[in-house]
Amino acid sequence: MPHDPRADDLSVPAIDRLPPFDYQPRTRVVFGNGTVDRLGELALEHGARRVFLVTDEGLARAGHERHGVEALRRAGLEVVVYDDVHPDPTTADVDRALAVAREANVDLIVGLGGGSSMDCAKGVNFLLSNGGRMHDYRGVGKATRPMLPMIAVPTTAGTGSEAQSFAVIADAETHMKMACGDKKAACKVALLDPELTLSMPPAVTAATGIDALSHAVESFVTTARNAVSQLFSRQAWRLLSSAFLRVLDDPLDREARGAMLLGAHLAGAAIENSMLGATHSLANPLSARYGVTHGVAIGVMLPHVVRYNQEAAAALYAKLAADAGLCPEEDPAAAELLAEHLEMLAARAGMPASLAECGVERSACGAMAEQAAAQWTARFNPRPVDAESLRELYECAVLDSRRES
């Protein structure tokens, strides 16, 4: 839906200031401690008999796989488990899981884990229901047949994949990510149990939390934003920005964990309606070429993108800065204060301050910028970007701005 500038003033509830919108929610949200025990009940509501549960080895060791399987079996369901998903799943991951699902003749899919497990599960759903290979579904709306019902159970507070109809799968050879979207791929249920996030290692809490924060910040200012997406983005930011430092300081803080999980989900719902911006375009080549963890790449690049976008989105960034208690909304330095705040959050999370710390050399910036410019999210950035401007952003990030200041 085209952006209506009247949507930017979210503080004015008058009916005549509300722009038109077309919002079609597709996912039921079940939130609360212990709600994973309802997994079998929810699967039965969708006619399940044989369930395909997609997860990873780490979650098996943490006991979450067993917990999910027991909840399904208590409901009388047969369960087939695939727990060999790798971080940033590739087409090869999807193909291996698909072979197991086909052999098992399943009728419902559960994605249990972080974004990797949920994306892999969605990828299996595309191919199991529609055939072909993942490359056939790059883009939007290319599935022609109905898909199996899917329930997503996130165990990290990061990607918000459970709220999105996109599977993000990397090409096994190039490691560049493909966004494969179709409304039929949306999850029937997002089961948000904060207790499942208590087992996250500190590094995962940090990386996924920064990713979720970036989703709120980027989706709030994209050119595809609308009245509904901005409501999700802003509430996500409020929850995440107030809870992130709390979970870093006290990983067992259930209230803060719940705020992070719900905030990540709302940010994911915002993305479904608004897409993302240049930060994510810049992050993908860093992961593909240098193996930089996605959240780490985001943490380094996001403040630079906020500064770059000031001339197009300063008023919107000011709302986020005010929501975080950084300054009054009318402060002309609000966008810069927001960028500095994001740098502080990344530093508190123990993340590198520059790309140089990630092993990235300035000589690689040009080639990465060409790749970043071809990423789908670049087109939604509030200030236009091209290979040259993205190269400059990379070069700025190679330097350690925090250390120099």
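Hydrogens, waters and symmetry mates play no part in the numbers below; they use all other heavy atoms, side chains included.
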From [X] [atom1] over to [Y] [atom2], what is the distance, rounded to the nearest 0.5 angstrom?
X      : Y      : atom1 : atom2 : answer
Phe220 : Leu231 : CZ    : CG    : 9.0 Å
Leu112 : Ser117 : CG    : OG    : 6.5 Å
Ile298 : His280 : CD1   : NE2   : 3.5 Å
Cys396 : Arg391 : SG    : CZ    : 9.5 Å
Phe52  : Tyr82  : CZ    : OH    : 7.5 Å
Leu245 : Leu248 : CG    : CG    : 6.0 Å

Quiz question: by atom type and distance under 3.5 Å, do the side chains of [X] and [Y] form a donor-acceptor pair?
X      : Y      : result
Ser116 : His86  : no
Ser229 : Ser219 : no
Glu218 : Thr279 : yes

For [X] and [Y], work out which heavy atoms get closest and say how close.
X      : Y      : result
Gln164 : Ile271 : NE2-CD1, 3.8 Å
Thr174 : Asp171 : N-OD1, 3.0 Å
Leu192 : Pro194 : O-CD, 3.5 Å
Met368 : Tyr290 : SD-CE1, 3.8 Å
Pro384 : Tyr308 : O-OH, 2.6 Å
Val79  : Leu72  : CG2-CB, 3.6 Å

So, do [X] and [Y] sit near enough that their side-chain heavy atoms are less than 4.5 Å apart?
X      : Y      : answer
Pro154 : Met118 : yes
Asn381 : Val305 : yes
Lys188 : Thr27  : no
His294 : Asn284 : yes
Tyr137 : Ile169 : no

So that I can tick it off, tell me whether [Y] and [X] are bridged by a salt bridge, with the cut-off set at under 4.0 angstrom between side-chain N and carboxylate O.
X      : Y      : answer
Asp107 : Arg49  : yes
Lys142 : Asp182 : no
Asp249 : Arg348 : yes
Glu255 : Arg246 : yes
Arg383 : Glu311 : yes

- Query: Given the rule in the side-chain hydrogen bond (donor to acceptor under 3.5 Å, both in side chains) test, do Asp37 and His67 qualify, once you have shown the distances and angles that lead to the verdict?
  - Reply: CA-CA 8 Å; Asp37 291 330; His67 202 158; 2.8 Å; yes
- Test item: Asn130 side-chain N/O and Ala143 main-chain N/O as donor-acceptor pair under 3.5 Å: no
- Under 3.5 Å donor-acceptor, Trp237 side chain and Leu320 backbone: yes
- Query: Would Ser161 and Lys122 satisfy side-chain hydrogen bond (donor to acceptor under 3.5 Å, both in side chains), going step by step from the backbone distance to the final call?
  - Reply: CA-CA 10 Å; Ser161 179; Lys122 289 183 201 171; 2.9 Å; yes
Let me check something: any side-chain donor-acceptor pairs from residues 39-48 under 3.5 Å, sequence neighbours excluded? List them with distances.
unit_1, atom_1, unit_2, atom_2, d
Glu41, OE1, Arg38, NE, 3.4
Glu41, OE2, Arg38, NE, 3.4
Glu41, OE2, Arg38, NH2, 3.0
Glu45, OE1, Arg28, NH1, 2.8

- When you look at CZ of Arg362, are more than 12 heavy atoms from neighbouring residues, nucleotides or ligands closer to it than 6.0 Å? no
